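Residues: numbered from 1 along the sequence shown. These numbers come from a predicted model, not from an experiment.
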Amino acid sequence: MKITVLDGYGMNPGDLSWKELEGLGDVTIYPRTSPDEVVERSRDAEILLTNKVVIGRETIASLPKLRYVGVLATGYNVVDVNAAREHNVIVTNVPAYSTDSVVQMTLSHILNITGRVAHYARLNREGRWSESPDFCYWDTPLTELSGKTIGIVGLGNIGMKVAKIARCLGMDVFALTGKDSATLPEGIQKTTLDGLFGVSDILTLHCPLTEKTHNMINAETIGRMKHGAILINTGRGPLVDEQAVADALVSGQLGGYGADVMCSEPPSADNPLFSAPNSFITPHIAWATLEARQRLMDTAVSNVRMFIDGNPQNVVNV
């Protein structure tokens, strides 16, 4: 069985092992693959694994030997699943492997913005505390989370766990969700999107990217939020209009923005969020803890094994 990994570096820069995958067939691993290299590198493969390399309709039609595409992620929009189905190619993903890590990053952004840990650590390396006439100093607002309201857009695995931790921190939790109110855990109140804008001191995004949610956070909707509210995005970059967010940070309508995702990745160096005040951007690493990537590797290999055994799992194009 010929197996080709098109962009293995993202998941495994060298701290994990490909040994189990290599035991399943003739494996070729490329660290990265450019769009014009995809067809040539995939020509003999029956099994393709991809993280961010796009496998579109024309590519699938050009690969008559292809029988399986395994996406090394939860989102599978990089594959034309309809074209794959038409060519009898099975597509799988890896669900829920990064839940705990993304929740951790979400809370890291919230805690950094409200406590400004990175800011004070930097100032202290520059000698600010050593030069202080008092035993302590602060030059930013410091915010206690207990008693504040967090609004959560989307109550899937990640959103639900964020809600649970927020409750432990003493926060009031409101959510936009398709779940029935009667099924929600105690302490989570269901509301509308407008309801979230009206009550949230912190608004955090954990919903899929769809036509309906694209740019759901824009100049108009930001204007409906509490003045000085904090916005967190560890979901998908295009959930927000980045220029509108940057403008709101400059005006003070938003008190802070913490994001692990951007509309274009890697982003342009002149993206307005890099120069906006109180903007904190991490480079799409919420999923990338060693533990999460090991789960990703384990499930991806299991997906391949189950396909070879004739009992595919985590299929997304049935």
> Is it the case that more than 12 heavy atoms not belonging to Tyr76 sit under 6.0 Å from its OH atom?
Replying inline: no

>> Assess, by modelled atom type and distance only, whether the side chains of Lys2 and Thr28 contain a donor and an acceptor separated by less than 3.5 Å.
In response: yes

> Arg116 pairs by side-chain hydrogen bond (donor to acceptor under 3.5 Å, both in side chains) with which of Thr143, Asp139, Asn278, Thr140?
Replying inline: Asn278

> Given side chains that start at C-beta, do those of Ile217 and Leu203 come closer than 4.5 Å, heavy atoms only?
Replying inline: yes

> What closest approach, in Å, do Pro208 and Thr213 show between heavy atoms, and which atom pair accounts for it?
Replying inline: O-OG1, 2.8 Å

> Do Asp7 and Lys52 pass the salt bridge (charged side-chain N to carboxylate O under 4.0 Å, His left out) test, and can you show the C-alpha distance, the side-chain angles, and the key distance before you say yes or no?
Replying inline: CA-CA 7 Å; Asp7 52 347; Lys52 293 296 183 286; over 6 Å; no

> Less than 4.5 Å apart, any side-chain heavy atom of Leu63 and any of Ile55?
Replying inline: no

> Do any N or O atoms from the side chain of Asp309 and from the backbone of Asn311 form a donor-acceptor pair under 3.5 angstrom?
Replying inline: no

>> One thing to verify: whether Arg305 and Glu20 come together as a salt bridge, which I'm taking to mean a side-chain N less than 4.0 angstrom from a carboxylate O.
In response: yes

> Quick one: does Asp241's side chain have a donor or acceptor within less than 3.5 Å of a partner on Ala244's backbone?
Replying inline: yes

> Any donor and acceptor pair, going by atom type alone, linking the side chain of Thr191 with main-chain N or O of Ala175 inside 3.5 Å?
Replying inline: no

>> Within the structure provided, determine whether Ile202 and Lys148 are in side-chain contact (heavy-atom separation under 4.5 Å).
In response: no

>> Main chain of Leu6, side chain of Thr33: is a donor-acceptor contact present, judged purely on distance under 3.5 Å?
In response: yes

> Within the side chain of Glu242, is there an N or O that forms a donor-acceptor pair under 3.5 Å with the backbone of Asn271?
Replying inline: no

> Does the side chain of Leu239 come within less than 4.5 Å of Cys207's, by heavy atoms?
Replying inline: yes

> Are any of the side-chain heavy atoms of Asn124 and Tyr137 separated by less than 4.5 Å?
Replying inline: yes

> Would a distance-only check, ignoring hydrogens and angles, find a side-chain to backbone donor-acceptor pair under 3.5 Å from Arg67 to Pro64?
Replying inline: yes

> Tyr97 versus Asp298: any side-chain heavy-atom pair under 4.5 Å?
Replying inline: no

> Strictly by modelled atom types, are Asn82 and Glu86 linked by a side-chain donor-acceptor pair under 3.5 Å?
Replying inline: no

>> With side-chain hydrogen bond (donor to acceptor under 3.5 Å, both in side chains) as the test, pick out the partner of Thr106 among Thr204, Asp260, Asn233, Thr234.
In response: Thr234

> Near Arg236 CZ, under 6.0 Å, is it more than 12 heavy atoms from other residues, nucleotides or ligands?
Replying inline: no

> For Thr99, does its backbone N or O pair with a side-chain atom of Lys161 as donor and acceptor, under 3.5 Å?
Replying inline: no

>> Ignoring hydrogens and geometry beyond distance, is a side-chain donor-acceptor pair present between Asp100 and Gln104 at under 3.5 Å?
In response: no

>> One thing to verify: whether Glu22 and Lys19 come together as a salt bridge, which I'm taking to mean a side-chain N less than 4.0 angstrom from a carboxylate O.
In response: no

> Which atoms form the tightest heavy-atom contact between Gly258 and Ile113, and what is the distance?
Replying inline: N-CD1, 3.7 Å

> Testing Ile232, Asn112, Ile165 for side chain to side chain contact (heavy atoms under 4.5 Å, CB included) with Leu107, which one passes?
Replying inline: Ile165

>> I'd like to know if the side chain of Thr221 reaches the main chain of Met216, judged simply by a donor and an acceptor atom lying under 3.5 Å from each other, with no hydrogens or angles considered.
In response: yes

>> A side-chain contact here means heavy atoms from C-beta on lying under 4.5 Å apart; do Met262 and Phe274 qualify?
In response: yes

>> Quick one: does any side-chain atom of Asn12 pair with a main-chain N or O of Asp15 as donor and acceptor, under 3.5 Å?
In response: yes

>> Determine whether a donor-acceptor pair (N or O, by modelled atom type, separation under 3.5 Å) exists between the side chain of Asn93 and the backbone of Thr74.
In response: yes

> Are the side chains of Val94 and Asn314 in touch, meaning some heavy atoms are under 4.5 Å apart?
Replying inline: no

>> Pairing donors with acceptors under 3.5 angstrom, does anything connect the side chains of Glu291 and Ser101?
In response: no

> With a cut-off of under 6.0 Å to the ring centre and 45° to the axis, is Arg32 in cation-pi contact with Tyr9?
Replying inline: yes

